[in-house]
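Residue numbering restarts at 1 for every chain, and letters A, B, ... go by the order of the sequence lines. Just the heavy atoms: all of them, side chains too, but no hydrogens, waters or symmetry mates, feed the values below.
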There are 2 protein chains.
Amino acid sequence: MAGIKDVALGAGVSVATVSRALSGNGKVSASTRAKVQRAAEELGYVVSFNASSLASGRSRNIGVVVPTVGRWFFSTVLEGITNELIEAGYDLTLYNTGGQDQHRESVFGDLLLRKRLDGVITLTLKLQPHEVQQLASVGKPVVAIGGLIPDIDTIRVDDFNLASMATEHLVGLGHREIAYLGGTEEFEVDFKLASARQDGYEYALDQANLPVRPEWLLTADFTIQGGYRKVRNVMAAPRRQPTAVVCASDEMAFGAILAARDLGLSVPGDLSVVGIDGHDLGELFGLTTIAQDARGQGASAVRKVLQLLGERELDRDPTRGFFPTEFVARTSTAAPRA
Amino acid sequence: MAGIKDVALGAGVSVATVSRALSGNGKVSASTRAKVQRAAEELGYVVSFNASSLASGRSRNIGVVVPTVGRWFFSTVLEGITNELIEAGYDLTLYNTGGQDQHRESVFGDLLLRKRLDGVITLTLKLQPHEVQQLASVGKPVVAIGGLIPDIDTIRVDDFNLASMATEHLVGLGHREIAYLGGTEEFEVDFKLASARQDGYEYALDQANLPVRPEWLLTADFTIQGGYRKVRNVMAAPRRQPTAVVCASDEMAFGAILAARDLGLSVPGDLSVVGIDGHDLGELFGLTTIAQDARGQGASAVRKVLQLLGERELDRDPTRGFFPTEFVARTSTAAPRA
DNA sequence: CCTAAACATGTAATCGCTTCCACAATGGGG
DNA sequence: CCCCATTGTGGAAGCGATTACATGTTTAGG
């Protein structure tokens, strides 16, 4: 429980000097600094974060708000964030709303505001106007990943283009009966993105002079199970069936592949499947997908926040515009059977 | 930026009374409390965590150390933790060592010690003796999930029994050629558990008078891909093949199932697969498994910490002994082909 | 109706650090 | 050789709460 005073005593200097020596702010002679460091070492002293924060107004702590950590995208982004943050010597306070409104309220109503954070990163949460305002009122840097939030720095991929590219890929292979598997309304609230993807899909269809069939606009909850169920239903039905499906997430695409297999259909023979994400399992499933670098987005968000905090040079604009994505061709797509 | 003084002014009372009224500690008349609350409300006042922590010595903040958030078990436990913590009004500071030693060092060397936390929960990290000591030296409650750590409260399942049950299940079905898919050395460091599972497997084999074949002691990294690769190799080899495999995690079991399918083998016809975990995808894959309630373990760890902090009654011992598990029979296991 | 216990509230010390300001020592230019 | 700009250090005022202690008020029992 050694405090700064003990170190000051041990080193034979004032607490002010200890503070300066250890934090690197202000001038201290090399010899004094060494003395102080030795004393601190011996006493096993580490600054009290609370006291330091209170006095300086900076907490070296970033808040991260997520709707869940169970989905690939979120856990992967989170890995990217933790990694980058730890290297900068920052702590991370995690707020997992878990899709529960009441938790959401306490997060935005209280937790975020308690002045413990230097900045906030939100992961594809569609924020309510009053929530945006609450965030803004704190006067701390806020960076969003995924969602499109007015007046807030955002790191995101070009959902519209992504989906339209994926669709064009299928069109290019000769498919004319292409379904789309997006997110349900319910999920749109938290994961605002799918509508842009659906728009991209419809746009690509339009460009190819193909009709958008409402019965092929499928929705699920972004999970493997959800994708499985929906695709299985459609492919098992006695009505006209698509020869390909564009999935708004890789996980749903995996579900689609598994569903097809279970029905005895071959992928890509009977059904081509393309996803969006770049999930680690993509290779195993041979999934053609549009990969986004989720880790990178997390890291990028951190850098952005640190920049806003003045910790970093203002890199000339690494994140204005869209985060890059990459088309990855594998074996889940092919020309439709003649 | 309203401070407690502003509220005091607004309510026409002293700061001491405001503190008491808002925190609930100490006596305050109902009318005064109401006045204070109104004033606080109007000013949009929320206490400064830092100041409060500094003064009281309590931070309402729990540290959670994980090796990764990308694996099902960890993300699920984490969900359980966040959920329970948010309800208790606690913050959670996440330390993700990400398997990188250097991060691990900074976590244990610095971050955890900065007196910002009231308690710590570690997720199946095999702690080095000096790390345990560092944790202990902080004098704050520490609860571990998964690992078996000397002198630290631990929440865990009975790995030995789990694995032996899984194995016995297969033996009971008539299998005599049973492989085991566990974790690699490398992963044992962080996820200390698999050796107990392997012991259970060997024990069950022993009991059934079956030999333990070294060539069927498979190891992977606890991922689907890892399981896939290993099982595929074994089942594709021209040598004698197992009719069943016990997997130390459901994710590896999924890999096993996918591998078998890709080889044209039927599950459970040609290969019975049993997992350990209770992964959400188990149902989709029809995986027979021994389910552990990961969320529950997270929640339980939180309750334990809060108890240790005196926030909760000391429930008569909900966690001494093992966390319960449940055998879930599905369709991935059956008697071997005659 | 009196007194002691219970209650309500204010005063002020304290938590452990950061940082402004003052002051002394050092050193280079005129 | 003197003066002023630097540089290094200490003193002390906060930062925004909590809480022990003191003080003034009720309330209830006798």
Side-chain angles (χ1 to χ4, degrees), chain A residues 1-37 39-40 43-61 91 110 113-118 138-140 310, chain B residues 1-37 39-40 43-61 89 91 110 113-118 138-140:
Chain A
M1 288 301 173
I4 196 173
K5 281 189 198 160
D6 305 294
V7 179
L9 227 60
V13 297
S14 70
V15 297
T17 300
V18 174
S19 174
R20 282 183 291 245
L22 261 27
S23 71
N25 304 3
K27 318 247 157 211
V28 183
S29 72
S31 66
T32 312
R33 165 167 291 124
K35 257 193 317 193
V36 171
Q37 280 169 339
L43 293 165
Y45 169 80
V46 296
V47 311
S48 156
F49 244 136
N50 288 316
S52 171
S53 303
L54 179 56
S56 69
R58 283 167 264 113
S59 64
R60 296 193 78 77
N61 187 202
D91 271 0
D110 262 31
L113 308 178
R114 297 193 194 166
K115 302 160 195 161
R116 172 182 278 181
L117 292 64
D118 284 346
V138 186
K140 302 263 157 98
Chain B
M1 290 302 172
I4 196 173
K5 281 191 197 157
D6 305 294
V7 179
L9 228 60
V13 297
S14 71
V15 297
T17 300
V18 173
S19 174
R20 282 185 289 246
L22 262 26
S23 71
N25 303 4
K27 316 250 157 205
V28 183
S29 72
S31 65
T32 310
R33 164 167 292 125
K35 256 192 323 196
V36 172
Q37 280 170 338
L43 293 165
Y45 168 79
V46 297
V47 313
S48 156
F49 246 135
N50 288 317
S52 171
S53 303
L54 179 57
S56 70
R58 281 165 266 116
S59 64
R60 297 192 77 77
N61 188 202
D91 271 0
D110 260 33
L113 307 177
R114 297 193 194 167
K115 303 161 194 160
R116 173 182 275 181
L117 295 67
D118 285 346
V138 185
K140 302 260 159 102

Rounded distance in Å - NZ (B:K5) to C1' (C:dT11):
14 Å
Nucleotide C:dT18, atom P - distance to CG of A:L22 in whole Å
8 Å
Could you work out, with side-chain contact (heavy atoms from CB on, under 4.5 Å) as the rule, every residue matching B:A55, not counting sequence neighbours?
none
Using side-chain contact (heavy atoms from CB on, under 4.5 Å) as the criterion, list what pairs up with B:D118, not counting sequence neighbours.
B:R58, B:S59, B:I62, B:Y90, B:L309
If you take all heavy atoms of A:S48 and A:A51, which pair is closest and at what distance?
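Residues A:S48 and A:A51, closest heavy atoms: OG-N, 3.1 Å.
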Closest heavy-atom contact between A:G10 and A:A39?
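Shortest heavy-atom contact: C-CB, 4.2 Å.
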If I take atom [atom1] from residue [X] and atom [atom2] from residue [Y], how far apart are they, to the nearest 0.5 angstrom?
X      : Y     : atom1 : atom2 : answer
A:L117 : A:N61 : CG    : CG    : 5.0 Å
A:Y45  : A:D6  : OH    : CG    : 9.5 Å
A:R60  : A:S53 : CZ    : OG    : 10.0 Å

Scan nucleotides 4-10 of chain C nucleotide by nucleotide, 5' to 3', and note B when protein non-hydrogen atoms come under 4.0 Å of the base, S if they reach only the sugar-phosphate, - if neither.
----SBB
Can you sort out which residues in residues 48-56 of chain B have a heavy atom within less than 4.0 Å of DNA chain C? Ascending by number, please.
B:L54, B:A55
Is there a side-chain contact between A:N50 and B:F49, using heavy atoms and a 4.5 Å cut-off?
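Side chain of A:N50 against side chain of B:F49, heavy atoms only: no contact under 4.5 Å found.
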Name the first nucleotide and the last nucleotide along DNA chain D (5' to 3') that come under 4.0 Å of a heavy atom in chain A.
D:dG8 to D:dG16
Donor-acceptor list for residues 15-24 of chain A side chains, cut-off 3.5 Å, not counting sequence neighbours:
from, atom 1, to, atom 2, distance (Å)
A:T17, OG1, A:S14, OG, 3.2
A:S23, OG, A:S19, O, 2.9
A:S23, OG, A:N25, N, 3.3

Checking side chain to side chain contact (heavy atoms under 4.5 Å, CB included) between A:K35 and each of A:V7, A:V28, A:V13, which is the one that passes?
A:V13
